[in-house]
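Presented below is the structure to which this report refers.
Atoms within each ligand, like the ligands themselves, are counted from 1 in listed order.
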Amino acid sequence: MNTLEQKRHFDAIIERIERARIRVSEHHIVKIVAASKYVDAQAIRDLYSIGQRAFGENKVQDLKIKADLLEELPLEWHFIGTLQKNKINQLLGVHPHMIHSIDSLELALALQERLSRENQTLRALVQVNSAYEETKAGFMPEEFSDKYAQIATQCPNLHLQGIMSIGAHTDDRAIVQKSFETTRSLFEQLPDATVCSMGMSGDFELAIECGSTLVRLGSILFKHK
Ligand SMILES: *Cc1c(COP(=O)(O)O)cnc(C)c1O
């Protein structure tokens, strides 16, 4: 794709987001994080050049490599994958804008320890497994609110902004919708939360209609046929 084609493709996606957003409310704002795990630094540069600023990676090593290569650009990096405790130092070295995937109290405490030692803070979302799938990370919906409060109290250097989840892995739209509604209702009970991160290439319009404020788009942006 040349730049013009890429711009048209991107505009068409933004148009779809706009239509879903307006169905919720004219005041409802949705942010795009481009999940760039499929592509190299040059493809990120290309998308940046047509207006995208926020990018998400799910592996610390890849985030580090791409952030270093693109250091001169004012990009906003999101960490969206499962974080292993032995990668915490490397992640914090990149100074990401936000981590979406706090999925255990242990991880939160380990981050807190490192952050306080470095006198650093980090915006964070707590992940919920609202689809109740064994393969997915995150707290169960029943325990979510308590865990969120616990993390907020015990980890002052993690600045909690809200919730993240991955929609149910099925073609049954009603089940996907139910998982998004579960996430949204937990989000609404959180004190001072502003970010409800849900929706990917296959389900972002439904996620927005269920109240998502941030969609993480990968294949639809980067893997067009
Ligand atoms: C890859 C990834 C996405 C984007 O997935 P697509 O279906 O390609 O849009 C979103 N969230 C997370 C956590 C991911 O790892």
Contacting atoms of ligand 1, where contact means under 4.0 angstrom from a heavy atom of [X]:
{"X": "Ser201", "result": "6 (P), 7 (O), 8 (O), 9 (O)"}
{"X": "Ala35", "result": "3 (C), 4 (C)"}
{"X": "Leu217", "result": "9 (O)"}
{"X": "Ser219", "result": "6 (P), 7 (O), 8 (O), 9 (O)"}

So is Tyr38 touching ligand 1 or not, going by heavy atoms under 4.0 Å?
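True for this residue.
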Under 4.0 angstrom from ligand 1, any heavy atom of Asn58?
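Flag set, Asn58 near ligand 1.
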Return yes when atom CD of Glu72 has more than 12 non-hydrogen atoms of other residues, nucleotides or ligands closer than 6.0 Å, and no otherwise.
yes
So do the side chains of Thr182 and Ser179 get within less than 4.5 Å of each other, counting heavy atoms only?
no
Heavy-atom side-chain contact between Phe180 and Asp203 under 4.5 Å:
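Yes, side chains in contact.
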Give me the residue, atom name and distance of the protein heavy atom closest to [atom].
{"atom": "atom 11 (N) of ligand 1", "value": "Arg216 NE, 2.9 Å"}
{"atom": "atom 13 (C) of ligand 1", "value": "Ile80 O, 3.3 Å"}
{"atom": "atom 5 (O) of ligand 1", "value": "Met200 CE, 3.5 Å"}
{"atom": "atom 3 (C) of ligand 1", "value": "Lys37 NZ, 3.7 Å"}

Polar atom proximity, Gly202 to ligand 1 (N or O, under 3.5 Å):
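No, Gly202 has no N/O under 3.5 Å of an N/O on ligand 1.
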Looking only at side chains, do [X] and [Y] share a donor and an acceptor under 3.5 Å apart?
{"X": "Thr183", "Y": "Ser165", "result": "yes"}
{"X": "Gln90", "Y": "Gln61", "result": "yes"}
{"X": "Asn129", "Y": "Glu133", "result": "no"}

Ignoring hydrogens and angles, tell me if any N or O in the side chain of Glu142 forms a donor-acceptor pair with the backbone of Phe144 under 3.5 Å.
no
Shortest non-hydrogen contact between Gly211 and Met198, atoms and distance:
C-CE, 4.1 Å
